[in-house]
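Notes for the one structure printed next.
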Amino acid sequence: MSALASTSRNFRDAARLLNLDSKIQKSLLMPHKEIKFECTIRKDDETLVSYVGFRVQHDNSRGPMKGGIRYHPMVDHEEVNALAQLMTWKTAVVNVPYGGAKGGIGCSPKDLSMSELERLTRVFTYKIHDAIGVNVDVPAPDMGTNAQTMAWISDEYSKFHGYSPNIVTGKPIEIGGSLGREAATGRGVVFATEALLNEHGKSIKDSTFVVQGFGNVGSWVARLIHERGGKIIAVSDITGALKNTNGIDIPALLEHKERNGSLSSFDGGDKINADELLIHECDVLVPCASSGVLTRENAGDVKAKFIIEGANNPTDPEADDILLKKGVVILPDIYANAGGVTVSHFELVQNSQHIMWDEEYVNAQLKKYMSGAFNSIKSMCRTHECNLRMGAFTLGVGRVAKCTVLRGWGS
Ligand code: NAD
């Protein structure tokens, strides 16, 4: 099932539980604005290359729209649409004052030099600068982009609109980024995991983990779980997967990745097949790579008792049904990976006040938001007698619907 079909199905199920009027449902599903454009750059060897860029602004009833920018070969119109919609529910679940958006370029960033990436980012920004703005739409990093990408966007945007570092979040500390932002999504995933395990009378220290993806989110998840005494028994990235039932030495793996750029050739574990990773015996599986990795083909073989969705949309609805029937407890993406947008909110608060919070304060506030959202989701689960995904969707969709009606768009 496509990412958009899967997200929209979850929305409709939540709308049914909330008894939402069909006109409100239609208005909430329809994107506010979609932009698709050509991004052509000159490569270092002087040849021209063209890519397709997207920005989808899904909903702004709760505030300026917010969402990452992804550089990945699989970026297409449908996926960006689905991810923009997820951002609308996610910002509402953690109750930060934003709507949802997403953007990206269908390219392979690892095949581009730094100067090519900079030129591509500047062309992308030039094409959308009139459609974004601090009160309209504020981009952030996602797969294949990082703080440096945000610095280029901010610089290019500032050429047209005056100095505007707060046009993006996830930017470098030196130009107004927040301490703790780089780790925030992973840290939020770990706070969410703690809340869930705690509820089931378990702890990170007594559990085994499998982490798919070792980029920004996955590597921080692995590092923070390791620091809390959890045992990571298998990890993967795009170059391969490895396992070690005694627990992988995560600090050594991070050092290896820093030196070599990937996990491949790390000798602290045995190589396994990438597909095997997702069905490896463990207490907690944390997908932190791409979408649609848990499908009806592999869900029946998953052995984890808990799944924490660090990635966006990693579980197809058919897989969801199979896993729920097996008794697997799934903490959904629109809550589990909301730590990034939560600290992006803190970044904008600091920018508007021209102050900088210390990292301990950022992390403590993040914990407060993640715990608060967990309790609100549980309360929705009790009200609607539903699972955690529907608890999160009814919470997010309900809050957005309420604002839509209050602002008078629902009549
Ligand atoms: P990233 O580009 O930093 O890292 C992605 C990682 O996934 C890399 O290690 C890559 O090698 C690996 N990967 C890609 N395809 C894979 C595959 N088929 N099998 C195994 N590994 C694979 O991206 P990121 O920022 O860490 O984002 C990861 C996921 O988290 C995405 O779904 C993204 O939308 C979501 N997310 C990210 C943020 C954020 O703040 N960066 C916030 C919320 C959600």
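Remember, it's 1-based here, ligands and their atoms both numbered in the order they're listed. By convention here, the first residue in the shown sequence is residue 1. In this text the structure is predicted, and so the values were computed from the model without any measurement.
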Honestly, for T185 the part within reach of ligand 1 (heavy atoms, under 4.0 Å) is side chain
Atom indices of ligand 1, in the order listed, that fall short of 4.0 Å to a heavy atom of [X]:
| X | answer |
| --- | --- |
| F214 | 6 (C), 9 (O) |
| S236 | 20 (C) |
| D142 | 25 (O), 33 (C), 34 (O), 36 (N), 37 (C) |
| Q212 | 19 (N), 20 (C) |
| R181 | 40 (O) |
| R70 | 31 (C), 32 (O), 33 (C), 34 (O) |

Relative to the ring of H161, is the ring of Y157 parallel (under 30°), tilted (30 to 60°) or perpendicular (over 60°)? parallel
Quick one: sort the Y98 and H345 rings into parallel, tilted or perpendicular, breaks at 30° and 60°. perpendicular
What about N216: any of its N or O atoms under 3.5 Å from an N or O on ligand 1? yes
Are any of the N/O atoms on S290, whether in the backbone or the side chain, positioned under 3.5 angstrom from an N/O atom of ligand 1? no
Check: G162 main-chain N/O paired with S164 side-chain donor or acceptor under 3.5 Å: yes
To which protein heavy atom is [atom] closest, and what is the distance rounded to 0.1 Å?
| atom | answer |
| --- | --- |
| atom 24 (P) of ligand 1 | V217 CG2, 3.9 Å |
| atom 17 (C) of ligand 1 | I238 CD1, 4.0 Å |
| atom 2 (O) of ligand 1 | G144 N, 3.1 Å |
| atom 6 (C) of ligand 1 | G215 N, 3.6 Å |
| atom 27 (O) of ligand 1 | M143 CG, 3.5 Å |
| atom 31 (C) of ligand 1 | A289 O, 3.2 Å |
| atom 28 (C) of ligand 1 | C288 O, 3.4 Å |
| atom 21 (N) of ligand 1 | D237 C, 3.2 Å |

Take a 6.0 Å sphere around NZ of K326 and say whether it holds more than 12 heavy atoms from other residues, nucleotides or ligands. yes
Atom pair CD/OG1 of Q85 and T7 - distance to nearest 0.5 Å: 5.5 Å
